[in-house]
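I have placed the structure first, in the form of structure tokens, so that the comments after it can refer back to it.
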Amino acid sequence: MNGTKCKITSIVSYPERGEGGNNRYRGNCSPRLIEDLIGFFKPAEICDYMCGSGTTRAAAENLGIASRIYDLHSGFDIMNSDIQERPEFIFWHPPY
Ligand SMILES: C[S@@+](CC[C@H](N)C(=O)[O-])C[C@H]1O[C@@H](n2cnc3c(N)ncnc32)[C@H](O)[C@@H]1O
């Protein structure tokens with residue numbers, strides 16, 4: 001299940017992880033989840049303010065849409081930073 005024909009459910013499983021991001025990064029998810037969300041909601045751009053290893057960017061590139069990604073590890077602290085753009089669509093995978 002991937003791309004435009006997906007049905008969104010509250011439980012997902014991707015036995016084949018797909019390409020993009022780093023599955024050794026703590027808390028990383030399959031890029032296929034993000035690709036399915038893009039395929040379902042069809043945003044023109046996706047933003048991620050806790051991007052970790054960059055899975056959101058990879059998913060956006062796989063589907064040919066724009067992305068803006070940020071993280072504490074590259075100097076963006078969401079607790080103390082303004083969000084410059086007014087995003088249409090955000091993928092947010094906070095630390096736990
Ligand atoms: C669960 S990981 C995200 C994993 C990511 N989806 C990926 O593709 O690898 C959570 C991320 O939140 C970032 N983070 C934690 N506190 C933050 C803060 N105050 N501002 C921005 N990013 C923060 C961490 O650096 C970490 O990369």
Side-chain angles (χ1 to χ4, degrees):
M1 185 167 70
N2 190 252
T4 56
K5 292 185 178 175
C6 78
K7 292 179 182 174
I8 296 295
T9 68
S10 58
I11 297 175
V12 295
S13 173
Y14 298 92
E16 292 183 26
R17 183 180 177 279
E19 296 293 321
N22 180 351
N23 66 355
R24 302 190 70 182
Y25 194 92
R26 291 183 81 152
N28 181 256
C29 70
S30 165
R32 292 191 169 178
L33 170 62
I34 305 171
E35 289 169 9
D36 278 347
L37 290 169
I38 293 170
F40 187 83
F41 290 103
K42 303 191 182 344
E45 179 180 76
I46 185 169
C47 295
D48 186 338
Y49 299 94
M50 295 188 177
C51 69
S53 66
T55 312
T56 295
R57 170 149 292 165
E61 287 176 357
N62 288 344
L63 295 186
I65 70 164
S67 64
R68 297 178 199 233
I69 63 170
Y70 308 83
D71 196 286
L72 193 59
H73 64 45
S74 45
F76 177 86
D77 181 354
I78 201 166
M79 301 297 288
N80 299 300
S81 302
D82 288 335
I83 293 175
Q84 298 299 326
E85 59 271 358
R86 290 292 170 263
E88 171 192 11
F89 193 78
I90 296 171
F91 181 78
W92 185 38
H93 189 174
Y96 35 81

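Read the numbers this way: they start at 1 and go in the same order the structure lists the ligands and their atoms. The structure displayed is predicted, hence computed values, not measured ones.
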By side chain to side chain donor-acceptor pair (under 3.5 Å), Ser30 pairs with (sequence neighbours left out) none
Lining ligand 1 at under 4.0 Å, by non-hydrogen atom distance, are residues Tyr25, Arg26, Gly27, Asn28, Tyr49, Met50, Cys51, Gly52, Ser53, Gly54, Thr55, Asp71, Leu72, Phe76, Asp77, Ile78, Met79, His93, Pro94, Pro95
Assess, by modelled atom type and distance only, whether the side chains of Asn62 and Glu19 contain a donor and an acceptor separated by less than 3.5 Å.
no
Residue pairs passing the ring-ring contact (aromatic ring centres under 6.0 Å, His included) test with at least one member in residues 43-72, sequence neighbours excluded, are Tyr49-Tyr70, Tyr49-Phe76, Tyr70-Phe76
Kindly indicate whether the side chain of Glu45, heavy atoms from C-beta on, has any atom under 4.5 Å from the side chain of Pro87.
no
Margin query: Please evaluate residues Thr56 and Asp48 with respect to the criterion side chain to side chain donor-acceptor pair (under 3.5 Å), reporting the C-alpha separation (whole Å), side-chain torsions for both, the decisive distance (0.1 Å), and the verdict.
Written below: CA-CA 7 Å; Thr56 295; Asp48 186 338; 2.6 Å; yes
Residues passing the salt bridge (charged side-chain N to carboxylate O under 4.0 Å, His left out) test with Arg57, sequence neighbours excluded, are none
